[in-house]
Every structure is written in structure tokens, then in C-alpha cells.
Number of protein chains: 2
Amino acid sequence: MDAERDQTPRSEKILTDLQDVYPRLSPQLRRAAHYLIDRPDEIAFTSMRQLAERANVQPATMVRLAQALGFDGYESLREPFRDALRRQPAGFGQRARKLLARTSRRRKGRALAQLANEMVASDRDNLSLSLEAIGSDELAEAAGVLAGARRIYVVGQRSLFPAAFYVHYACSMFREEMILMDGNGGTFADRLRGMTDADAMLVFSFEPYSRGAVEATEFAATRGAAIVAVTDSLVSPLSSLTKHMLLVGTDTPALFKSVVPVLSIAQVLVAQILAQGGQAALSSVAESEQQLETFGAYWTEADRVRVPDDAGDAGDDSPGVREDAASFDHKTEQRGS
Amino acid sequence: MDAERDQTPRSEKILTDLQDVYPRLSPQLRRAAHYLIDRPDEIAFTSMRQLAERANVQPATMVRLAQALGFDGYESLREPFRDALRRQPAGFGQRARKLLARTSRRRKGRALAQLANEMVASDRDNLSLSLEAIGSDELAEAAGVLAGARRIYVVGQRSLFPAAFYVHYACSMFREEMILMDGNGGTFADRLRGMTDADAMLVFSFEPYSRGAVEATEFAATRGAAIVAVTDSLVSPLSSLTKHMLLVGTDTPALFKSVVPVLSIAQVLVAQILAQGGQAALSSVAESEQQLETFGAYWTEADRVRVPDDAGDAGDDSPGVREDAASFDHKTEQRGS
DNA sequence: GAATGATTGAATCAGTTGTTTCATAGGGCT
DNA sequence: AGCCCTATGAAACAACTGATTCAATCATTC
């Protein structure tokens, strides 16, 4: 009884079993299992229906999943998770680490580990500081300017190209007339043609300020376009060109500056532009996603290689599927790959 | 560490409050309170009726006790105790839903400001959770694998292309044989030619997993290349293909998933690859930067626009900045430097 | 192309949930 | 005694719980 009290809670075993059985589950059951695997602790508190809703699954599917795992029903599946949570509120990370860790700890790893911790910690700090410094009002105003523009030109070079790309990509899901200023084939400046004062430019630039970004912004200023600049200093070359300047921090223990705060702000901008687009924007997103889906851009569960016989795909462990789960054996379907 | 960011859960406060109020309670309420004080964690899971039975009290008494403490009812009294046990920070999904409902209200600017705050807040949470979940040891090991490879193929599509681009860009500053898998001109797969088991692949992929990323990873696996996958689930299609899987969170109140944690991890990886490159890598960075500078890639102070005709003063320090920056004054002081 | 069987969605079930209501019981006060 | 007010118990409530059933759908095989 109390043999397994210390080490491995029953819930852990269930989760590993779940992963083993996963490839043999039906699509709908997979979706349920997927959610359960990602958020194991939810099941302890959440009711079947709520959980099903969050996993985009019929309520009954949760029961079926539980039964497929050899339990009587949802309630008995939930019990172990409650127990596990009751005795020790350990971190979600512990589990992932346990599952994946085959680490032989090195001495050298210590310094690296500390670097990792410090970098992430400073990103955390930067995030809150940046938003606080900018002020959400100003942010909303900048987003409003962008949302109201005819076209939005997005500029970001080198390490800030990711931010520009992200904004362009995300906004293109619900909005036309997004222009990303990449330098593909040396056509950087060409894109600026046709810019008017009805347009807006969103520019990301940190020190050292890349020439292209600055010049593009200057050009936009002469055309009378509204400019929103995400930059790192009040005396950045962009500051004299715009009323909407969003200052973000970049401090990090690492050699390169951190782009995390920029991307966070970029995401907020996108969300606010989206919000100002109203219902039309939302349905545009849905439409875009659906289009991508029918286009086959996404990998689907149907593409997963199914293992007909016993074979743990998770690795060399072969932790042994619980015998109750043997009820999957008859489901030996192999889909077209 | 700061993983214990809840220094004082609300549930603790409730318990001390309970003890304070205790003497003023009626006999029946005391009995209920007594049981609650002795077994505080029971309330998180047990139903009102069951709890009442164990405490030898009427079911309604539990409600009355909750109300006596200032809560709406048993449910709202239970919430803090559940939160305390919960591993993840309080309900992302819940917050998102609340936010969505709120957005439809008339005070739009208010909602936008709150959206910004909550997005950044959840990014913050995601950062620490992700690093904790991954574990710095594993992170260092993954970086070691990449650093030791002959070539590094970097894969990331759609919203995760920023991460791939960043890693490629940053690592190219100190390392050769970096290959970014962009789809420029439809040449996505072509880049994989020549991959051997001496190489490594760094792939970013979240749900919905883009087909190209998965297929590229599968190909790399057949070639025997080392694979480091940054993904969002233990049952992601990449999980069966690699030993080095780095799990990161993506929760955000906004419509799109957050890429911030991914980029943070990407930065850490870059820093660690750089660190393992030693002095040679460092000087490579310096060299690269210098080369960029002489190449004129960066804007310099000498390039600052002088105000030619209007508003007389054309001082070379920072003439145009002043008046525009006046509107930012209050922000400046908050931020410090 | 029809037949088969697994898989799914919707409706439905009895039981339980948290909460409210109401009537009774108790105890202090004039 | 009377009255008033709180405390308590019991019942009723609507909403929700987990679970079951059945028809429709899908993919596969003959």
C-alpha cells in the first residue's frame, strides 16, 4: 500500500501511460489526452464538462478516455491526481524534468545554469519595467494610430527583424495592407514607394541603430506618415521623428541585447490592433486559419505514425503500458501517410 | 529560488483570519471552523456536504461560515485553497474568458490597457515556468549538443520563424555553418541536402505544428542528426524524434500564442552556445561587429539630421529631440536609466 | 458500392452540487 | 410571562455533476 507513497505518485504513472497509449488513441481521445498531458493538475479541480470545454472535446470523451485507460470513469481517474496534489504541491517542472532527464551532471553545467537563470530573470524584469515605463495608455494610443492607418509598414533589421516579422505575420491574419520591410534581394527601399500620410510605419530599432531602419523612418516622416517607434532610448535617432515612441529595456547578462521585451510589446500591439478591428478582424483570423488548414500547412494527428504492435515511441524506456490499456490492441488501423 | 513566488497564499490569510474570528462565532460555526483549521487542505477537494458530515455539522453551516468570513459562499471560500495547491499560476483560461467578456463593454480603452497588463503578466509567468520546467541542466546539455555539431540547421515557421531567425542571426556572428530553413523561393527542403549525423537541428514548433517543421525534423532523424526541439507539449509530433526536448509555455490572454518564452529560451541557447565557443567565439563577435560598422550598416551620431530651415537652432547635440520629447517627460523619470 | 465496425455527437439519466428558504428552537431582555 | 433576535435544523431549489444511451458519421474492407 504505502510502498509507492514516497517516490512516484500514481498520477505520474498515469501520465506516462497516457503518453505511451497516445499514438493508439482515436483523434478525439487524443485531443482530450493531449490537454490532460499538458495540464495534468487541471483535472484535480476541474469538472468533466469544464475540462472538456477547454480541450474542445465532448464531455463524454473525457469519460471514454478514463475508461480507455482502465478506470471506471472520470471520477476514479481524477482521484490519483487529487492525491498527488494533496500531499505535495511540487512544480509542474519536476515532472517534465524527471521524464526527460538523462542528464549526467557536469561541473561546467553550473555556470551555464546560472547564466540561464539570470538571463530569464532579467527578461522578466525587463518585461514589467518596459510596460510600466511605456504606460498602457500610450501603448493603446500607438495601437490606435496603427489600426487606423491605410497601410502599415513594418521595419526591423538584424536582431529586431524577428519582431517586425512577427507583427507582419500576425497582423496579416486579419488585415490587409501590411508591408514587411525585409531586404530580400536588396529590395529594401523599393517597398516604401507609394507611402502617403494615410499610412503608418512601425519601426523597431535599438542601438546600434541599423542604417536602413533609420533611413526608412526618415523617409516615412517626409511623407507625413504616422510613425510608431519601438526603441531603447530617448535620444535614439527615431525619437525626433515620431510622437509615438515606446521605450523598452534590453538589459541582459548575455552578450547580445535581449529582444524579449520588444517581442512582448510587439505582441501587445498586435493584440490591440486586432481588438480595434472588432468582430470582422476576429472572423478574418478564423478564416485565415481555416485556409491554412485546408491548404495542408499544418501537421495533424492523422499524420502521426501509428504503431500497430507494442512499441513505446517515447524512447528506450518501454515503461510498460498498464494491462488495462491492452484494450487498444484491436485498434490496429494504419492511416495513409 | 524565486520559484516560490507565493510567499503568502491567500489561503494562509484566511486561516489566520479564521482563528481571529473564532471566539466570536456561534457554537456550530465554531465546530465547522475547527475542522477547517485542522485540515485546511480538505476543503480544496471535498464537497460541502462531505466536509459537513465529517465535521458533524449541517451542510448549510459551511455556507454560513463562508459568508461569515466575508465570502459569497462555499465556492468562493474554496477557491483560495485550490489556488494554493495549484501548480500553475491561477487560471489562464479563466482570465482569458473574463477578458473576452469584458472587451465587449463600452470602455474600450480601459479594456485595452488591461489586456496589455495581463499579456505582459502572463509572459512573465511563462518565462519562469518555462525555465523551471525545462531545467537548466537540460538546457545546457541541449546547448552542448548544438555547440558540438558540425552544422546547425535552424527550423521555425510562421509565428516561430522569429525565433529561428534570431538564433541563426546571433549565432552567425560567431560561428559558421549555420543554416536557416526559411522557405525563400520555395527552397525549403533543398537546404537539408548534405545533412549527416555530425550535424544538429534546432527546431521550434508549436501547435498547430506546421507541416514543414515536422517533416524537416523527421528527415533529420533519419539522417541521424542530433535534434533539439523547442515545443509546447510532451505529445508534440517532435517528442518522439528527439531526446532533447525543451518545453515552454505559451499561455496568454490574447488570441495568438505568445512567442516570448520561446525567444527567451532561444536567447539562452545562443548565449550558451557562445559560451561553449570560448574565447574564439567572443573575438568572432567583435570581428563581425566591426565589419558591420565599417560596412556602414549602422547609423552613427554623425548621421543625425540637422534641422535645416525651420526653427533656427541647428545645434549638433540633439536639437530636434527636445520639443518632441517634451511629451515623454513623465515617462522619463519613472524609468530611471 | 454495399457492408461492417469503430468513432463521434447529442440527448438523456439519476445523483450531487452549492445555495436559499422557511420553520423551529433557544436565550436574553423588559 | 411576553417579545425579539439570533442560531439551528430540515427541506427545497435550480444548476451541475458523471455516466449512459442511441443515432449519425466516418473510414475501411469485402
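Protein chains get the first letters and strands the later ones, always in sequence-line order, with residue 1 at the start of each. Being a predicted model, the structure only gives us computed values, none of them experimental.
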Check your understanding: Going by atom types only, do A/T46 and A/E42 share a side-chain donor-acceptor pair under 3.5 Å?
Key -> yes
Review point. How many Å lie between CD1 on A/I43 and C1' on D/dT17, as a whole number?
Key: 14 Å
Check your understanding: Can you check the B/L65 CG to D/dT6 P distance for me, whole Å?
Key -> 18 Å
Review point. Regarding A/Q267 and B/S258, is there a side-chain donor-to-acceptor distance under 3.5 Å anywhere?
Key: yes
Practice item. Check the distance between C/dT8's C1' and A/N56's CG and give it to me in whole angstrom. Key: 15 Å
Study note, to complete from the structure: A/Q58 atom CD is separated from C/dT12 atom P, nearest whole Å, by 14 Å
Review point. In whole angstroms, how far is the P atom of D/dT8 from the CZ atom of B/R30?
Key: 10 Å
Point to revise | Separation of C/dT7 P from A/R24 CZ (nearest whole Å) | key: 13 Å
Check your understanding: Rounded to the Å, how far apart are A/L25 CG and C/dT7 P?
Key -> 9 Å
Review point. Side chains of A/D38 and B/S233: do they bring a donor and an acceptor to under 3.5 Å?
Key: yes
Practice item. When you get a sec, tell me which of D/dT8, D/dA10, C/dT8 is the closest nucleotide to the side chain of B/Q28? Key: D/dT8
Review point. Can the positive tip of A/R54 be found less than 6.0 Å from the middle of the six-membered ring of A/Y35, inside 45° of the ring normal?
Key: no
Review point. When every nucleotide of nucleotides 17-25 of chain C is labelled 5' to 3' by its protein contacts under 4.0 Å (heavy atoms), B for base, S for sugar-phosphate only, - for none, what sequence of letters results?
Key: BBBBB----
Review point. Please, which pairs that meet salt bridge (charged side-chain N to carboxylate O under 4.0 Å, His left out) have at least one residue in residues 59-71 of chain A, sequence neighbours excluded?
Key: none
Review point. In whole angstroms, how far is the C1' atom of D/dT20 from the CE atom of A/M62?
Key: 17 Å
Study note, to complete from the structure: By salt bridge (charged side-chain N to carboxylate O under 4.0 Å, His left out), B/R191 pairs with (sequence neighbours left out) B/D182
